[in-house]
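A short write-up of the structure that comes next.
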Amino acid sequence: MAQTSVDQAASLAAFRDASMEFDHVYDLLAKSSGLSYPEFWSLVLIRDGVLTQREISSQLSIGPQTLNSAFKLLVKKGFIRLEPFENDQRSKRALLTPQGERCLTERILPALRLEEQAWLSLTEEEQAALPRITHKFSTALRWALDGRDN
């Protein structure tokens with residue numbers, strides 16, 4: 001049986017609520033480590049080899065000014081240092097300091113273990129479906145945004 005427009009509107013509203021809750025919980029995860037969302041995920045991405053503010057800004061879908069403010073705080077806290085690339089002195093790469101490594105070990109990794117614990121509470125089918133469906137929806141929405149009249 002096909003969904004009515006009322007059912008579709010209700011399910012879309014439920015998805016929006018879940019999405020906002022998801023964003024809120026990830027913000028709480030970052031704050032549980034004593035960091036803001038952009039600071040937390042920047043450190044995770046730097047650990048994973050993403051080195052420039054531009055790349056991190058793109059991956060986190062955070063504006064460059066917001067990320068620049070987070071980087072300034074991370075430098076001030078002694079968690080990262082910025083070094084120019086040898087072949088491009090204008091671009092800088094972010095590197096973890098020993099204090100940043102300690103922050104990862106003592107504060108961020110425990111938070112990521114909580115994320116993993118929550119992930120493991122899902123069935124294998126749910127684990128496979130969640131990223132696939134979320135990506136499919138975000139791609140469709142991005143496609144719709146790109147195709148609209150501006």
Side-chain angles (χ1 to χ4, degrees), residues 10-148 150:
S11 65
L12 179 56
F15 177 77
R16 271 192 221 115
D17 288 346
S19 180
M20 286 183 236
E21 180 182 351
F22 196 71
D23 291 344
H24 179 70
V25 170
Y26 265 97
D27 189 49
L28 290 175
L29 182 72
K31 287 179 181 171
S32 76
S33 69
L35 299 167
S36 69
Y37 183 93
E39 290 174 302
F40 181 92
W41 291 107
S42 291
L43 290 174
V44 170
L45 290 172
I46 293 165
R47 175 204 64 178
D48 292 347
V50 182
L51 300 178
T52 68
Q53 287 186 44
R54 180 175 296 167
E55 293 170 317
I56 292 171
S57 175
S58 175
Q59 283 202 15
L60 295 179
S61 299
I62 292 176
Q65 290 177 322
T66 300
L67 191 66
N68 189 45
S69 296
F71 264 52
K72 284 181 181 180
L73 286 171
L74 291 171
V75 169
K76 185 177 180 177
K77 292 176 181 180
F79 294 159
I80 64 170
R81 70 179 191 284
L82 301 175
E83 290 184 356
F85 286 98
E86 287 182 24
N87 58 346
D88 183 0
Q89 295 294 308
R90 293 175 295 150
S91 293
K92 294 183 180 177
R93 62 183 172 173
L95 301 169
L96 291 171
T97 64
Q99 191 169 337
E101 292 282 355
R102 269 192 311 282
C103 177
L104 269 165
T105 301
E106 295 171 3
R107 295 161 56 181
I108 293 175
L109 293 179
L112 292 177
R113 281 193 285 279
L114 295 174
E115 177 192 41
E116 183 179 0
Q117 183 180 352
W119 184 256
L120 293 174
S121 74
L122 303 176
T123 66
E124 287 184 23
E125 294 80 19
E126 290 168 332
Q127 289 175 2
L130 188 57
R132 180 179 49 78
I133 292 169
T134 303
H135 178 69
K136 182 177 181 177
F137 181 77
S138 64
T139 299
L141 184 55
R142 185 174 289 122
W143 178 82
L145 283 168
D146 290 344
R148 72 178 180 191
N150 291 323

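Only heavy atoms go into these numbers, but all of them, side chains included; no hydrogens, no water, no symmetry mates. Note that the numbering runs from 1 along the sequence shown for the chain. Since the structure is predicted, the reported quantities are computational estimates derived from the model, not experimental observations.
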Do L114 and Q117 pass the side-chain contact (heavy atoms from CB on, under 4.5 Å) test, and can you show the C-alpha distance, the side-chain angles, and the key distance before you say yes or no? CA-CA 5 Å; L114 295 174; Q117 183 180 352; 3.9 Å; yes

Under the side-chain contact (heavy atoms from CB on, under 4.5 Å) criterion, do Y26 and E115 qualify, and how do the steps go? CA-CA 9 Å; Y26 265 97; E115 177 192 41; 2.3 Å; yes

Step by step, work out the side-chain contact (heavy atoms from CB on, under 4.5 Å) result for L35 and F79. CA-CA 11 Å; L35 299 167; F79 294 159; 3.9 Å; yes

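P98 places a side-chain heavy atom less than 4.5 Å from the side chain of R102. At least one side-chain heavy atom of L120 sits less than 4.5 Å from a side-chain heavy atom of Q127. Within the 4.5 Å cutoff, the side chain of S57 has no heavy atoms near those of the Q53 side chain. The side-chain heavy atoms of R16 and S19, taken from C-beta on, include no pair separated by under 4.5 Å. Residues W41 and L67 form no side-chain contact, since every pair of their non-hydrogen atoms from C-beta on lies 4.5 Å or further apart. At a threshold of 4.5 Å between non-hydrogen side-chain atoms, the residues T52 and F85 count as touching.
Here the CG atom belonging to L43 is positioned 8.5 Å from the OG atom belonging to S33, to the nearest 0.5 angstrom. Considering NZ of K136 and CZ of R132, their distance stands at 7.5 Å, rounded to 0.5 Å. Atom CG of L51 and atom CD1 of I56 lie 7.5 Å apart (nearest 0.5 Å). The structure places CD1 of I46 at 9.0 Å from CG of L104, a figure rounded to the nearest 0.5 Å. Between the CZ atom of F15 and the CZ atom of F137 there is a distance of 5.0 Å, given to the nearest 0.5 Å. The distance from atom CG of L60 to atom OG of S42, rounded to the nearest 0.5 Å, is 5.5 Å.
More than 12 heavy-atom neighbours from other residues, nucleotides or ligands sit within 6.0 angstrom of CZ on R47. Atom NZ of K77 has more than 12 neighbouring heavy atoms from other residues, nucleotides or ligands inside a 6.0 Å radius. In E124, the CD atom is not crowded: 12 or fewer heavy atoms of neighbouring residues, nucleotides or ligands sit closer than 6.0 Å. The environment of CZ in F22 is sparse: at most 12 heavy-atom neighbours from other residues, nucleotides or ligands sit within 6.0 Å.
Within the 3.5 Å criterion, the main-chain N or O of R54 finds no donor-acceptor partner in the side chain of S58.
The nearest pair of heavy atoms linking A94 to I80 is CB-CD1, 4.3 Å. Across P131 and W119, no two heavy atoms sit closer than the pair CD-CH2, 3.9 Å.
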